[in-house]
Amino acid sequence: MRPLDSTDADAYRALMLDAYARHPAEFTSTVEERAVQPIEWWVRRIGGESTDARAFGAFREGELVGTVALEFATRTKMRHKATLIGMYVVEAGRRCGTGRQLVRTVLDAARARAGVRQVLLTVTEGNHPAQRLYESCGFEAFGTEPRALYADGRFRGKVHMWCDLERRSA
């Protein structure tokens with residue numbers, strides 16, 4: 001488990017394009033939208049320590065098997081928030097703690113950023129394994145946006161969740 005950097009951009013791109021292709025109802029982006037992005041776009045998405053985005057990766061035998069990113073709000077009145085995005089673990093990396101480690105890594109990174117008090121995320125309604133994982137890491141649902149996305153010929157809601165970092169760290 002480690003922060004990604006620009007040398008991971010090709011592997012990160014490949015992993016996320018695989019995620020969008022295999023699970024179109026779970027992500028708001030499509031493989032077609034992201035496949036046309038230049039590698040520089042993926043490097044920016046990875047972010048870094050001095051940016052407002054940071055992606056992390058789980059590796060097994062040198063291969064990227066999971067990823068998650070954190071975006072920090074930049075507007076003055078919203079700097080207390082960060083958003084977990086792009087969570088994905090390949091099938092072979094599931095049910096062995098990889099997802100939990102990625103979420104904990106993001107929460108630790110959010111706590112380390114001055115002023116951040118909460119982390120938000122959305123999960124597609126009906127994705128019970130993901131929602132249970134987030135709940136086990138301290139996230140709580142606070143509402144569902146109906147018809148948040150249209151995929152596989154139908155509308156799907158997005159469950160909004162949050163984690164209070166001050167309460168969770170106590």
Side-chain angles (χ1 to χ4, degrees), residues 1-4 8 11-35 42 45-47 53-72 81-111 116-170:
M1 198 72 49
R2 66 171 173 79
L4 299 179
D8 299 306
Y12 179 59
R13 178 184 184 275
L15 185 75
M16 291 311 298
L17 291 179
D18 180 65
Y20 303 142
R22 290 179 188 269
H23 305 281
E26 307 306 327
F27 295 94
T28 56
S29 298
T30 67
V31 69
E32 295 82 11
E33 291 168 337
R34 294 297 191 226
W42 294 93
R45 181 125 170 151
I46 286 171
R54 189 72 173 167
F56 301 87
F59 293 83
R60 180 174 289 146
E61 297 176 12
E63 182 179 341
L64 184 63
V65 296
T67 188
V68 66
L70 190 61
E71 290 183 339
F72 295 98
K81 297 190 252 183
T83 304
L84 182 155
I85 62 167
M87 174 78 172
Y88 182 62
V89 177
V90 299
E91 190 65 37
R94 296 179 187 171
R95 290 173 294 284
C96 62
T98 303
R100 185 172 320 286
Q101 283 184 288
L102 285 165
V103 174
R104 287 182 177 159
T105 297
V106 159
L107 293 176
D108 288 345
R111 280 187 195 93
V116 176
R117 302 283 188 266
Q118 65 192 50
V119 177
L120 305 168
L121 63 82
T122 63
V123 61
T124 301
E125 191 172 31
N127 186 347
H128 301 295
Q131 190 167 345
R132 281 193 301 270
L133 168 65
Y134 297 134
E135 288 169 347
S136 74
C137 292
F139 283 85
E140 298 174 30
F142 65 89
T144 301
E145 178 185 354
R147 294 186 177 184
L149 59 87
Y150 185 80
D152 294 336
R154 63 180 252 217
F155 287 103
R156 296 172 191 272
K158 282 287 190 176
V159 177
H160 291 257
M161 301 184 80
W162 80 297
C163 182
D164 181 342
L165 297 177
E166 294 173 313
R167 185 182 70 220
R168 187 68 181 156
S169 64

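On a predicted model such as this, the values are computed, not experimentally measured, just so you know.
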Among Val89, Leu15, Asp8, exactly one meets side chain to side chain contact (heavy atoms under 4.5 Å, CB included) together with Thr67. Which residue is that? Leu15
More than 12 heavy atoms from other groups under 6.0 Å of CZ on Arg147: no
Could you please spell out the steps behind the side chain to side chain contact (heavy atoms under 4.5 Å, CB included) verdict for Leu133 and Arg100? CA-CA 7 Å; Leu133 168 65; Arg100 185 172 320 286; 3.9 Å; yes
Can you tell if the side chain of Phe139 reaches within under 4.5 Å of the side chain of Val119, non-hydrogen atoms only? yes
So, for Leu64 and Gly57, which heavy atoms are closest and what is the spacing to 0.1 Å? CD1-CA, 3.6 Å
Pairing residues for Phe155 by the ring pair (Phe, Tyr, Trp, His ring centres under 6.0 Å) criterion, not counting sequence neighbours: Tyr150
All heavy atoms of Ala130 vs all of Val123, minimum pair found to be CB-CG2, 3.7 Å
Where the side chain of Thr105 meets the backbone of Gln101, is there a donor-acceptor pair that is under 3.5 Å apart? yes
In Å, rounded to the nearest 0.5 Å, how long is the span from CZ of Phe56 to CG of Leu84? 10.0 Å
Gap between atom OG1 of Thr122 and atom CG of Asn127 - 0.5 Å precision: 10.5 Å
Looking only at heavy atoms, what is the nearest atom pair of Pro24 and Asp152, with distance? CG-OD1, 3.6 Å
Glu145/Lys158 ion pair, N-O < 4.0 Å: no
Nearest heavy-atom pair of Ala82 and Phe72: which atoms, and what distance? CB-CD2, 3.8 Å
I need the minimum non-hydrogen distance between Tyr12 and Ile46, along with the two atoms involved. CD2-CG1, 3.6 Å
Kindly state each residue pair satisfying side-chain hydrogen bond (donor to acceptor under 3.5 Å, both in side chains) with at least one member in residues 53-66, sequence neighbours excluded. none
Within-4.5 Å side-chain heavy-atom neighbours: Met87 and Leu121: no
Begin with the C-alpha distance, continue with both residues' side-chain angles, and end with the deciding distance and a verdict on salt bridge (Lys or Arg N to Asp or Glu O under 4.0 Å) for Glu125 and Arg156. CA-CA 7 Å; Glu125 191 172 31; Arg156 296 172 191 272; over 6 Å; no
Checking side chain to side chain contact (heavy atoms under 4.5 Å, CB included) for the pair Ile85/Arg45: CA distance, chi angles, key distance, verdict? CA-CA 11 Å; Ile85 62 167; Arg45 181 125 170 151; 3.5 Å; yes
Sequence-distant partners of Phe27, ring pair (Phe, Tyr, Trp, His ring centres under 6.0 Å), two or more places apart: Tyr20
Spatial distance of atom SG (Cys163) from atom CG (Leu107) [nearest 0.5 Å]: 5.0 Å
Of the non-hydrogen atoms in Met1 and Ala58, which two are nearest, and what is the gap between them? CE-CB, 3.7 Å
Under the criterion side chain to side chain contact (heavy atoms under 4.5 Å, CB included), I'd like the reasoning laid out for Leu4 against Phe59: C-alpha separation, chi angles, the key distance, then a yes or no. CA-CA 10 Å; Leu4 299 179; Phe59 293 83; 3.7 Å; yes
Roughly how far, to the nearest 0.5 Å, is CZ of Arg22 from OH of Tyr88? 5.5 Å
Rounded distance (nearest 0.5 Å) linking atom CD of Glu135 with atom CZ of Arg132: 8.5 Å
Quick check: do Asp164 and Gln118 have side-chain heavy atoms less than 4.5 Å from each other? no
Would you find a donor on one side and an acceptor on the other, under 3.5 Å apart, between the side chain of Arg117 and the backbone of Glu166? no
Do side-chain atoms of Arg13 reach the backbone of Ala35 as a donor and acceptor pair under 3.5 angstrom? yes
Does the side chain of Leu17 come within less than 4.5 Å of Trp42's, by heavy atoms? yes
